[in-house]
Engineer: 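The following block contains the structure, expressed as C-alpha cells.
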Number of protein chains: 2
Amino acid sequence: MVNSLYICIMERDLSTEERIKEAAKQVFIIKGLAGARMQEIADAANINKAMLHYYFRSKDQLFKKIFDEVIGEFAPKILSILGEKRPLEVKVKDFVHQYLDMLSKNPFIPLFLISELRDQPEHVIEKVGIKRSGALDHLDQQLKTEAQAGNIRSIAPAHFMANLISLSIFPFLAKPILQSMFQMSDEDFSSFIEERKVLIPQLIMSSLKP
Amino acid sequence: MVNSLYICIMERDLSTEERIKEAAKQVFIIKGLAGARMQEIADAANINKAMLHYYFRSKDQLFKKIFDEVIGEFAPKILSILGEKRPLEVKVKDFVHQYLDMLSKNPFIPLFLISELRDQPEHVIEKVGIKRSGALDHLDQQLKTEAQAGNIRSIAPAHFMANLISLSIFPFLAKPILQSMFQMSDEDFSSFIEERKVLIPQLIMSSLKP
DNA sequence: GTCTATAAAGGGATAGAC
DNA sequence: GTCTATCCCTTTATAGAC
C-alpha cells in the first residue's frame, strides 16, 4: 500500500527513475540520510526495493544524487540576486521576497542542507560553490562604495549576509517552536512569513542608516 | 581503542554512569539519534555496549535522558532574561551577550535541538515549556507600553523574538558555510561572533526607533 | 526492466559467567 | 558492576527467474 504521508508522485508520465528520485527527495528531505529507509522510498515511489539498487546501486549514491540536485537547484538562486547591479535596497527586498517564497514552498530544505553540513561540510561547500561566486565581490564593492558616499553605515559583508540569511531562514527551522510560543496555526505562520517579507528589508535597511 | 574524535572523558573520578552520559551527550549532539551508534558511545566512554543497556536499558531511553538534560540546561536561560523588569535595551544586550557566550561554548546545541524538532516536535516543545512561560507575557506588555509611550515602533512579539533568536543562533548553524564564504579561520569566526554581541543589539534597537 | 526471494551486514539488546 | 559471547531483528544489497 502506498504511504499517504507523501504527495502523490505516481503519475504514469514519469519514468521509473524519475519517480524514484521524486520519492527519495521527499523522504530524504524529511528524514535525513540516516533516518530514511530504502523501503519507505520504494513504497513512496510505488516500486520495490530492488529497483532502487538497480537504478542507483546504493543508498549513499542515491542520496548524493538527490542532495546534489536539491542543492544545485537552490544554491545558485541565493546569491545571484545580490550580485546584480541595482540599488542595495531593491536587491534586499527582492532577495527576501524570493527567498521566503521559495522556503514557503520547500520548508524542509534548510534543515536538510544544515543536517548534511554536519556530516559532510566539505561536500556541501563544494557543491554550493559560493566561495568562487563573483556576486559576493560585487556586494562587497557596493557596500564599500555606499559607505564612502555616506549613504549607509559601514558594515562587513559577512555580517550583512549573516543578518539577511539568518532572518530569512531561521523561522522555518524553528517553525514548531514559534507556533507553540505564539499559538500560531499554519495559516498564522504563513501570514507571519508574509509580514516578514516587508519587515526584514526594513530591519536591514534601517540598521544601515548613517 | 579509544576514539580520539571526542574529548577525553576518562577521568577516573567520574562514575561509570556519568562517563556514559558524557560520552552519549557528545555522540548524540554531533550525530543525532538516528546517526549515533551504541558502539561509538561505548567506545567514547571506554566501556562495552552491555553497560549502556545495564544503566539505561535502551538507546531511546538513553537519548531521552541526554536530551532532557541538555534542553533542561539551556532552555530556561533563553527566556528568563527577557522576562526581567528592566529597560528593553538592557535586556536585549544582556540576552544576546549571554546567548552567544553559551553557544560559543556549545556550538552543536542548536542543530541538536532543531534536528530533534523534526522527529519529535511535541516532545521538544513540552520540554522547552516556553508556552507557559510568563516571560513572554511580560515582554509582550513591555513592547506595548513602550510603543504607546512613543519610545519604540510597534512590533509583534513574535517578530521581535524571531529576529533576536534568528540573528543569534543561525550563524552557528551555518558556521562552515560562513567560514567558506568569507574565508574565516576558527579564530576569525570567534571574532565574528564577538562583533555580533554589539551588532545584534544595535540592529534590533535601531529598527525599533519610531 | 521488473519482480520474488534471499544473502549479508549492521546494530540494538540480552544471557550468563565472573 | 563489568565483561564476553551471542541472539535476533532491521535494513541494505544481490541473485536469479520472468
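Letters A, B, ... mirror the listed sequences (proteins, then strands); counts begin at 1.
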Engineer: Rounded to whole Å, how long is the line connecting atom CD1 of B/I20 with atom P of C/dA13?
Structural biologist: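 Checked: the CD1 to P distance equals 14 Å.
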Engineer: Check each residue of residues 58-68 of chain A for a non-hydrogen atom within less than 4.0 Å of any atom in DNA chain D, then write out the ones that pass by number, or none.
Structural biologist: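 Nucleic-acid contacts, sorted: A/S58, A/K59.
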Engineer: Please give, in whole Å, the distance from D/dC9 C1' to B/M38 CE?
Structural biologist: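 Rounded to the whole Å, the gap is 15 Å.
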Engineer: I'd like a table of donor-acceptor pairs (distance under 3.5 Å, sequence neighbours excluded) in which one partner is a side-chain atom from residues 198-208 of chain A, with atom names and distances.
Structural biologist:
residue: A/S206; atom: OG; partner: A/Q202; partner atom: O; Å: 3.3
residue: A/S206; atom: OG; partner: A/L203; partner atom: O; Å: 3.3
residue: A/S207; atom: OG; partner: A/I204; partner atom: O; Å: 2.8

Engineer: Using only side-chain N and O atoms of B/R37, determine if any of them is under 4.0 Å from OP1 or OP2 of C/dG12.
Structural biologist: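 For B/R37, the contact criterion (side-chain N or O under 4.0 Å from OP1 or OP2 of C/dG12) is met.
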Engineer: Please tabulate the protein-to-nucleotide N/O contacts below 3.5 Å involving nucleotides 1-5 of chain D, giving atom names and distances.
Structural biologist:
residue: D/dT2; atom: OP1; partner: B/T16; partner atom: OG1; Å: 2.9
residue: D/dT2; atom: OP2; partner: B/T16; partner atom: OG1; Å: 3.2
residue: D/dT2; atom: OP2; partner: B/Y55; partner atom: OH; Å: 2.7
residue: D/dC3; atom: OP2; partner: B/N48; partner atom: ND2; Å: 3.0
residue: D/dC3; atom: O5'; partner: B/N48; partner atom: ND2; Å: 3.0

Engineer: Does B/A36 reach a base, just sugar-phosphate, or nothing at all? Heavy atoms under 4.0 Å.
Structural biologist: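 Contact class for B/A36: sugar-phosphate only.
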Engineer: Is A/K31 salt-bridged to B/D119, going by a charged N under 4.0 Å from an acidic O?
Structural biologist: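 Here A/K31 does not pair with B/D119 in a salt bridge, since their nearest N and O are not under 4.0 Å apart.
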Engineer: Is A/H53 close enough to D/dA13 that one of its side-chain N or O atoms is under 4.0 Å from OP1 or OP2 there?
Structural biologist: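 Yes, within the criterion.
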Engineer: Are the side chain of B/R19 and the backbone of B/I47 linked by a donor-acceptor contact shorter than 3.5 Å?
Structural biologist: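 Not confirmed, B/R19 side chain does not pair with B/I47 backbone.
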Engineer: B/L52 CG to C/dG11 C1': how many Å, rounded?
Structural biologist: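 Going from CG in B/L52 over to C1' in C/dG11 covers 12 Å.
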Engineer: Between B/D101 and B/K197, does any NZ, NE, NH1 or NH2 come within less than 4.0 Å of an OD or OE carboxylate oxygen?
Structural biologist: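 Salt bridge present between B/K197 and B/D101.
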Engineer: Check whether any side-chain N or O of B/D94 sits under 3.5 Å from a backbone N or O of B/V90 as a donor-acceptor pair, and report yes or no.
Structural biologist: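 It does not hold such a pair.
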Engineer: In whole angstrom, what separates A/I41's CD1 from D/dA13's C1'?
Structural biologist: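 Rounded to the whole Å, the gap is 14 Å.
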Engineer: Got a salt bridge between B/K21 and B/E69, using NZ or NE/NH1/NH2 to carboxylate O under 4.0 Å?
Structural biologist: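 Salt bridge between B/K21 and B/E69, a charged N being under 4.0 Å from a carboxylate O: yes.
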Engineer: I'd like to know if the side chain of A/R57 and the backbone of A/L62 have a donor-acceptor N/O pair within less than 3.5 Å.
Structural biologist: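 Judged by distance alone, no pair lies under 3.5 Å.
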Engineer: Report, as yes or no, whether the 6.0 Å neighbourhood of atom CZ on B/F67 holds more than 12 heavy atoms from other residues, nucleotides or ligands.
Structural biologist: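 Yes, enclosed.
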